[in-house]
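What follows is a single structure, written as structure tokens, with notes after it.
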Amino acid sequence: MPATEMQQLVSLCQRRGFIFQSAEIYGGMKGFYDFGPMGVELKNNIKQSWWKAMVYQRDDMEGIDGCTIAPAVVFQQSGHTETFTDPLTECRDCKSRMRTDKMKDPTVCENCGSKNLMEPRNFNLLFPVQVGAVEGAQSLAYLRGETAQHIFINFKNVTDSTNRRPPFGIAQMGKMYRNEIIARNFIFRVREFEAMEMEFFVPPGTDEKWHEYWLEERLKWWESIGVPRNKININDKPKEELAHYSKRTFDLEYLYPHGYDEIEGIANRTDYDLGSHSKNQDELNLTATPITNTRSNAKLTAQNAEGQHYVPFVIEPAAGVERAMLAVLCEAYTEEVLENGDTRTVLKFKPHLAPIKAAVLPLARNKPELVALAQSVKNTLQKLGLGRIVLDTSGNVGKAYRKHDEVGTPLCITVDFESLEDGQVTVRDRDSMAQIRLPIAALAQHLRGIVEDAA
Ligand code: ATP
């Protein structure tokens, strides 16, 4: 049964080393989280699974890794300095700040119930930074609020160096930053997070077909990491809610413990971004004064079969790694009442996402020959390169099983006295708790089957 209360996950994640409040020893920083020994593995495995599906298993994709800071002009041309905003109100009585589009009643303070609220104003989510020692408009830059812009501004570099022509895509994963008015719901809404974004460039006129195609592809991927279709609502966003660049957007909304909320946006960004970066600022009709005179001078176009230049349309599936992690944790979280009345908590991750693939446990910690055999089993499995394999020498197998259930380790391998005689070990399956005896020589294939078949 998936987690229904966020608190179940928050305490498990803290206790078992998945997710910690950032700067916790100084009281913590709202909207910022650090990932512990288990969290970093889960996060990397989710990202790896995305990269595999989006890049390695396709013939029409390239990857890039752009900077997380860009000069102000990039976000000015993209429209973000003007429109990357959320409506902010403040309570005159308790001073709480709120995002009015997420309030049940935008006339009543969520904190104290007062109706003494300020008129909403647009609050820009970009974090400004000064680059270099000299402060001023010329050195103004921003932490990126979406990774997409570095894909657009590298469009020509990628097409020139790879000879790609639409339809093809550029994928990127990496950090981004949004100064959210309120960070809430654990890692659902944070101020620093990672994105898995892909821009798929297509000839105009074929964009709607590709948009539907990517919706289907993305749903398949969510299913492959254990987030089922029947838990995802497809919100074909109403026109008035579309971002400034979008012709149509499908928001995939997962049923989180706090309700249905966005896990991925799949937008038809038209030729907006490549077009904007090909324009000079005086053509853009900006209401704000340009803060730098830099011009792109680029023509971000592709050529059709007749050699004519055109600006490609773009389909963008954009998902957040933290929101993916939260959904995967929710789906994996299971509490089971055992025959003896105890409750066991287990994270039933798909094996390719599990932070630890197998734990090797010597039955007793003070028997050097058992520990040595367990160590050699661990070394052999480690060499397979499937992910983390650990040796747990606590000598308390029951306790180790409980711990590994809680971090979602698919296999526990116990080395006992008989193993020294017959070269066999006990292999316990996380989900069924069934135990089988296997020859040590068969372990590699067994583990490979479990981890790779699920990937
Ligand atoms: P929301 O409406 O929830 O603020 P958004 O529509 O602004 O989200 P997008 O701009 O479409 O989000 O961003 C792409 C993806 O990045 C989202 O689907 C989500 O998975 C992730 N994301 C966006 N904002 C955050 C955040 N503050 N914390 C964690 N992940 C986020």
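Each ligand, and each atom within it, is numbered from 1 in the order the structure gives.
When only interatomic distances are considered, the shortest N/O to N/O separation between A319 and ligand 1 does not fall below 3.5 Å.
If you look at F193 and Y177, their ring centroids are not closer than 6.0 Å. Proximity of the aromatic rings of F188 and F186 is defined here by a centroid distance below 6.0 angstrom, and this criterion is not met. Aromatic ring centres of F84 and F75 lie farther apart than the 6.0 Å criterion allows. Here the two rings, on H244 and Y272, have centers that are under 6.0 Å apart.
Contacts with ligand 1 closer than 4.0 Å are made by backbone heavy atoms (N, CA, C, O) of I263 only, the side chain lying farther away. Looking at E197 against ligand 1, nothing comes within 4.0 Å, counting heavy atoms.
Nearest residue to atom 3 (O) of ligand 1 from R191, R189, E241, M325 is R189 (criterion: closest heavy atom). Nearest-heavy-atom check against atom 22 (N) of ligand 1 across Y177, F193, Y33, F188 picks out F193. The residue among M176, R99, E180, R323 with a heavy atom at the shortest distance from atom 19 (C) of ligand 1 is R323. Between the choices E316, E262, R184, the shortest heavy-atom distance to atom 5 (P) of ligand 1 belongs to E262. Around atom 13 (O) of ligand 1, the closest heavy atom drawn from E146, E253, K102, R178 belongs to R178.
In this structure, E264 counts as a contact residue of ligand 1, since one of its heavy atoms falls inside 4.0 Å of the ligand.
Side chain of T159 to backbone of F155: a donor-acceptor contact under 3.5 angstrom is found. Judged purely by atom type and a 3.5 angstrom limit, T147 has no side-chain atom pairing as donor or acceptor with the backbone of G174.
A cation-pi geometry, defined here as NZ or CZ lying under 6.0 Å from the six-membered ring centre and within 45° of its normal, does not hold between R269 and F313.
Looking from atom 28 (N) of ligand 1 to the surrounding protein, the closest heavy atom is V190 N, 3.0 Å. Shortest contact from atom 14 (C) of ligand 1 to any protein heavy atom: A318 O, 3.7 Å.
Taking the six-membered ring for Trp and thresholds of 30 and 60 degrees, W210 and F200 have ring planes inclined between 30 and 60 degrees apart.
Here is the list of ligand 1 atoms found below 4.0 Å of a heavy atom in G265: 18 (O).
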